Structure formats: structure tokens, C-alpha cells
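The next block holds one structure in the form of C-alpha cells; read it before the comments.
What you are looking at is a predicted structure, and each value in this text was computed from that prediction instead of being measured.
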Amino acid sequence: MSIFTDYKKEIMDAAHNDRIRIALSRAITSYRANTNDALKKFPHTIKMAEEVKEIKEKAIGKMEELAQQAGEAIESNKGKTYLAKTANEALNIIGNLVGKDKLIVKGKSMTGEEIELREHLEELGNEVYETDLGEFIIQKLHSRPMHILSPAIHIPREDVAQLFSRITGEKLPPDNIPRLVATARKLLREKYFQADIGMSGANVVAADTGTLFLIENEGNIRLATGAPPVHIALVGMEKLVPTFGDACKVAEVTWRYANYTVPSYVSLVSGPSKTGDIEKVTTYGAHGPKEFHVIFMDAGRTELAKHPILCQALYCLRCGGCLYECPVFAVTAGHFGDKYFAGIGAVWAAMISQNVEKAASVAYTCLTCGRCKIRCPMKIDTPEMIVELRKLIVEGA
Ligand code: SF4
């Protein structure tokens, strides 16, 4: 079957799947209420989002320069940095750093999903644990993420209870969500301290200080990047902004539109752990990781940045807000997409994953209704990008 036929079947099956609709309607109601409350409580966010858009517009035009600057800052702090021009280069760099037979705890990373990092590490003979609760559920169900922030958004509690009951052998009731969460905690807890390597992405990176910002609520990223002796971070180059101050603004706008109001944790990582507490002799590897490796990945981003309309895709903060407003996503979840979802996902499929057939399928499913643009803090004009993408696809460009 062709990609088009597979996609049509997948999206129609999803649209007739009541469980997806139930899970999403619960999530959409809660997202809208929480985000609207958060914006009322912190009204400066709307103005700050305009500033962030300007920061991103400028940064996207000089990603290579910013990667160089961030690399120097991290190296001066005794971290190691790498520039991967392609997804394969990124996989090779990480594969060489990791080797085989390692236990890896991993925080959720869309960039990791983009290059199928977990699958690659498993093929090399490593044991990989997704530690984000949603990703853990997806991994155990052998499914794939259906939302950029809430990967298991399409899976109702009944299915989670069934899955965890199967893993633990206990009968877990679906209505007791705290018990389901506690079960995942128990299953993963010891892995952080047994792991050889912790992996993460980054929400934003300050080039001047080489600081990675990691936003989360669960605390799994803190543990995954803090407990093992080695931390490896894979970062798409569009995450770079010039200064620490810029990165703080990007982070705040991201979490506010991501339904976090104030996140439980924001970790800032600029190098490996160190101490000078014994006779002021700097020694690396105190309580946290002894090694810190950052891979800045291009994989089509600098090319995309040159396109006058499609470059907007690189402004995306991955807050996920647009997905909650999209009428197609509301009934199909991430089946309407590729590695990234909904209308903007078509641009990523075409320009970054080079999956033109998938991009065309998604681009022609998009209604170009523009509801996403209204919610988007970056005011990314997805309908405009979709019209341009359709034109490029028809012209075979
Ligand atoms: S396109 Fe806009 S609303 Fe959607 S995830 Fe990106 S920043 Fe958020």
C-alpha cells in the first residue's frame, strides 16, 4: 500500500475511534480552561510573546553562529559539543558516545522522536527507558506519541490501568489515577540510579552562556539528567537564542502556553557537575554527571530558515497550544501528522524529514481554518504555510 492509502485508512480509523475522542475532549476542555486562567493571572505573557517572536525571528537567521557561540561556552565549562549536519550524523555521534549494553534513562524529546533516537539506541543493543509518564505508556504499548507535549493524550485511563495491571500483575482500577501514577513512579524509580546515561532535549538554549533550559512538571528530567554519570542532550538548532535573558523569556512564554502556568521544575544545565570544595581544586563529577555532551542538530533547519514563508515553522516553541484548537486534531490526534502534528507538522515532514508523500497527505487534510494561528503565541501563520507547501508539492519543488 502507498503512504497515501495507509494514511487515509489510519486517519479514518482514528476519526471513528471513540476512545481517542473521549481522551481528547477531556484534555481540550482542561487545556483551554487552564491556559486562559494562566494568561489572566500573568497578563504580561501576551506582550512577552511578541518580544519572543522578534527574538526567534532574529535567532533563526543566525543559527550556525549561535551554535558556535553556545559550543564555546559549554566547552569552556568542560562540556563537549558536536554539530550534526544531518539526522544520520546525530545518530552516529550519539551511537559512538553510548556504545552498547548500556542502561539509558531518557526525557521526552521531540527532536529525539524526529530521528527515532530510542529505536536506534535499542538496535545498538542498549536498554532504553522513556521516563516521561506519557512516553513510558507509549513505549510500553508500542504506540507512538500523538501530541508534542502530552504523547499519550489519546489513551484514556482505562487503557493505562489495563497496561499497568499487565506489567505489575496487580489489578489496578482505572478511576484511581494517583495509583496509576504511583505505579509508574515505582517502576521507574530505581532505573535513574542504575542508568549509565541520561538523555534529554532542551526547550531553549542561551548561546552566550551555553545554558540548556529544561521545563517539566514530573521531575523525571531532573532525575534523568542529574543521577546518571553521563548526560547527553540532543538539541535542534532552532532552539538557540542569543542571550540568557532571551532564553528566560522564551521559557516563560513556552510554559504558559503549554498549560503549565508555573512549571514545577525548570532545570538550567551549562556543564558537567563539579566541585572546588576540597582545597579549591576543581574536580568534575560531584553529585551530578561527570560528562555532559550536547549535539546541536541542523538536519534541514538552516535550509528551511532561508524560505520566506515556511521559515515560520522554526519559530515554534512546541507549546502544543495549536493542537488543542485544531478541529481535525480533536478527532484524530497525532494520526493527523507525521513526527510533528497538524498543519505545522506537514511543513516539518516536507522540509525536515523529507517525507513529501506524508507532507502532502497532511497538507491536504488541513482545513486552513486558522484557529491554530489565533492560539499560537508566535502567531505562526500555518494556513499561509500550507497554501505555500501545497504549491511547492504540486510544482514538484
Ligand atoms: S505552532 Fe504555535 S501554538 Fe503550535 S506548538 Fe508551535 S508555538 Fe505552540
Side-chain angles (χ1 to χ4, degrees), residues 17-38 41 103 105-110 118 128-195 198 200 203 214-228 254-267 318-321 323-324 330 333-334:
N17 183 331
D18 287 344
R19 291 181 104 70
I20 291 181
R21 208 163 322 155
I22 291 168
L24 275 169
S25 70
R26 287 173 186 159
I28 289 167
T29 309
S30 132
Y31 170 83
R32 285 192 185 143
N34 292 347
T35 307
N36 292 343
D37 282 354
K41 197 165 171 197
L103 177 61
V105 281
K106 193 173 157 294
K108 184 167 67 59
S109 152
M110 285 307 295
R118 170 163 48 83
V128 187
Y129 283 86
E130 295 288 354
T131 59
D132 171 86
L133 178 49
E135 280 287 347
F136 178 68
I137 293 167
I138 294 289
Q139 184 186 15
K140 293 293 167 201
L141 283 173
H142 305 290
S143 178
R144 64 182 176 91
M146 289 288 156
H147 185 277
I148 55 180
L149 273 188
S150 310
I153 195 169
H154 58 302
I155 299 170
R157 64 189 80 165
E158 293 80 4
D159 293 11
V160 178
Q162 215 175 55
L163 170 72
F164 286 0
S165 300
R166 205 169 62 230
I167 296 175
T168 59
E170 283 174 66
K171 175 116 191 68
L172 296 162
D175 284 337
N176 193 340
I177 290 179
R179 189 156 163 212
L180 297 177
V181 175
T183 304
R185 177 188 166 102
K186 207 165 140 197
L187 288 168
L188 284 168
R189 197 80 189 153
E190 64 191 21
K191 303 296 176 204
Y192 297 109
F193 300 96
Q194 293 167 346
S200 74
N203 294 94
L214 298 153
I215 306 166
E216 61 161 335
N217 279 327
E218 292 183 13
N220 65 305
I221 294 182
R222 290 220 140 176
L223 285 162
T225 60
T254 303
W255 75 57
R256 193 114 325 116
Y257 279 84
N259 192 14
Y260 281 13
T261 311
V262 179
S264 295
Y265 307 103
V266 182
S267 302
R318 310 253 191 275
C319 70
L323 304 181
Y324 293 107

**Q.** Minimum heavy-atom distance between Pro263 and Asn217, given as atom pair plus value
**A.** CA-OD1, 3.3 Å
(Q) I need the Leu163 CG to Lys140 NZ distance, nearest 0.5 Å. (A) 8.5 Å
Q | Ser30 side chain vs Arg26 backbone, donor-acceptor pair below 3.5 Å | A | no
**Q.** Trace of the side-chain contact (heavy atoms from CB on, under 4.5 Å) decision for Phe193 with Leu223
**A.** CA-CA 9 Å; Phe193 300 96; Leu223 285 162; 4.0 Å; yes
Q) Got a sec, which residues hit side chain to side chain contact (heavy atoms under 4.5 Å, CB included) with Ser109, two or more places apart in sequence or on another chain? A) Thr111
**Q.** Working for salt bridge (Lys or Arg N to Asp or Glu O under 4.0 Å), residues Lys108 and Glu218
**A.** CA-CA 11 Å; Lys108 184 167 67 59; Glu218 292 183 13; over 6 Å; no
Q.
Just so I know, are the side chains of Asp37 and Thr261 near enough to count as touching, which here means a heavy-atom distance under 4.5 Å?
A. no
**Q.** Pairwise distance CG(Leu141) to CD(Gln162) - rounded to 0.5 angstrom
**A.** 9.5 Å
Q: Measure the OH-CD1 distance between Tyr260 and Ile215 for me, rounded to the nearest 0.5 Å.
A: 8.0 Å
Q. Side chains of Glu170 and Arg179: does their closest heavy-atom pair fall under 4.5 Å?
A. yes
**Q.** Nearest heavy atoms of Val160 and Leu180, plus distance in Å
**A.** CG1-CD1, 4.1 Å
(Q) The criterion is salt bridge (charged side-chain N to carboxylate O under 4.0 Å, His left out); which residues satisfy it with Arg118, sequence neighbours excluded? (A) Glu130
Compile the donor-acceptor pairs under 3.5 Å between side chains in residues 184-192 and protein atoms, sequence neighbours left out, one pair per line.
none

Q | salt bridge (charged side-chain N to carboxylate O under 4.0 Å, His left out) involving Arg144 - partner list, sequence neighbours excluded | A | Glu10
(Q) Ignoring hydrogens, what is the shortest heavy-atom contact between Ala161 and Leu172? Give both atom names and the distance. (A) CB-O, 3.4 Å
Q. Which heavy atom in Ala224 sits nearest to a heavy atom in Thr131, and how many Å separate them?
A. CB-OG1, 4.4 Å
Q: Mind checking salt bridge (charged side-chain N to carboxylate O under 4.0 Å, His left out) for Glu135 and listing every partner two or more places apart, or none if nothing turns up?
A: none
Q) Where is the tightest heavy-atom contact between Asp132 and Asn220, given as atom of each residue plus distance? A) N-ND2, 3.1 Å
Q.
Closer than 3.5 angstrom, by distance alone: can the side chain of Ser25 be matched with the main-chain N or O of Ile22 as a donor-acceptor pair?
A. yes
(Q) How close do Pro228 and Val105 get, counting heavy atoms only, and between which atoms? (A) CG-CG2, 3.8 Å
Q.
Below 30° counts as parallel, above 60° as perpendicular, anything between as tilted: where do the rings of Tyr324 and Tyr31 land?
A. parallel
Q) Listed by chain and number, what are the salt bridge (charged side-chain N to carboxylate O under 4.0 Å, His left out) partners of Asp175, not counting sequence neighbours? A) Arg157
